[in-house]
Amino acid sequence: MGDEPDVEAVLDALDDAAAREILQTLSEPMTAGEVTAACDLPRSTVYRKLRRLSNASLLDTELKLRPDGHHTTLY
């Protein structure tokens, strides 16, 4: 049963208006910077909410290699 999300974590994440706004914005994969711009939220808040949503299994993350050799995360 380790694959199932913690119900309390899911409910806590969904009880947050900014987290719900982020979920609604993510109709397609986006970087944290793109989410920040789309939601007009501080970058630190976006990263905190994305981590919370990810930990609650409410969104997936994908690591992408950029042309400059660095990586970025898509949510």
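This structure is a prediction, so every number in the text was calculated from the model and none was measured. Both backbone and side-chain heavy atoms feed into the values below; hydrogens, waters and symmetry mates do not.
Think of L11 as one node in a network of Ile, Leu, Val, Met, Phe, Trp and Tyr side chains linked at under 4.5 Å; its network also takes in V7.
Each salt bridge (Lys or Arg N to Asp or Glu O under 4.0 Å) pair with one or both residues in residues 29-50, not counting sequence neighbours, appears once here: D16-K49.
D60 CG: 12 or fewer foreign heavy atoms inside a 6.0 Å radius.
Rounding to the nearest 0.5 angstrom, the gap separating the OG1 atom in T73 from the CE atom in M30 is 14.0 Å. The CZ atom of R20 sits 12.0 Å away from atom CG of L58, with the distance rounded to the nearest 0.5 Å.
Partner of L41 under the side chain to side chain contact (heavy atoms under 4.5 Å, CB included) criterion, chosen from V35, I22, T25: I22.
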Step-by-step side chain to side chain contact (heavy atoms under 4.5 Å, CB included) determination, T31 to K64: CA-CA 10 Å; T31 65; K64 285 286 226 184; over 6 Å; no
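Under the side chain to side chain contact (heavy atoms under 4.5 Å, CB included) criterion, H71 pairs with L63, sequence neighbours left out.
Put simply, L23 and L74 are part of two different groups of oily side chains (I, L, V, M, F, W, Y) that touch within less than 4.5 Å, one to the next.
The two atoms that bring T61 and S54 nearest to each other are CG2-OG, 3.9 Å, heavy atoms only. For the residue pair A13 and A19, the shortest heavy atom distance occurs at O-CB, 3.4 Å.
The shortest side-chain heavy-atom distance between L50 and L26 falls under the 4.5 Å cut-off.
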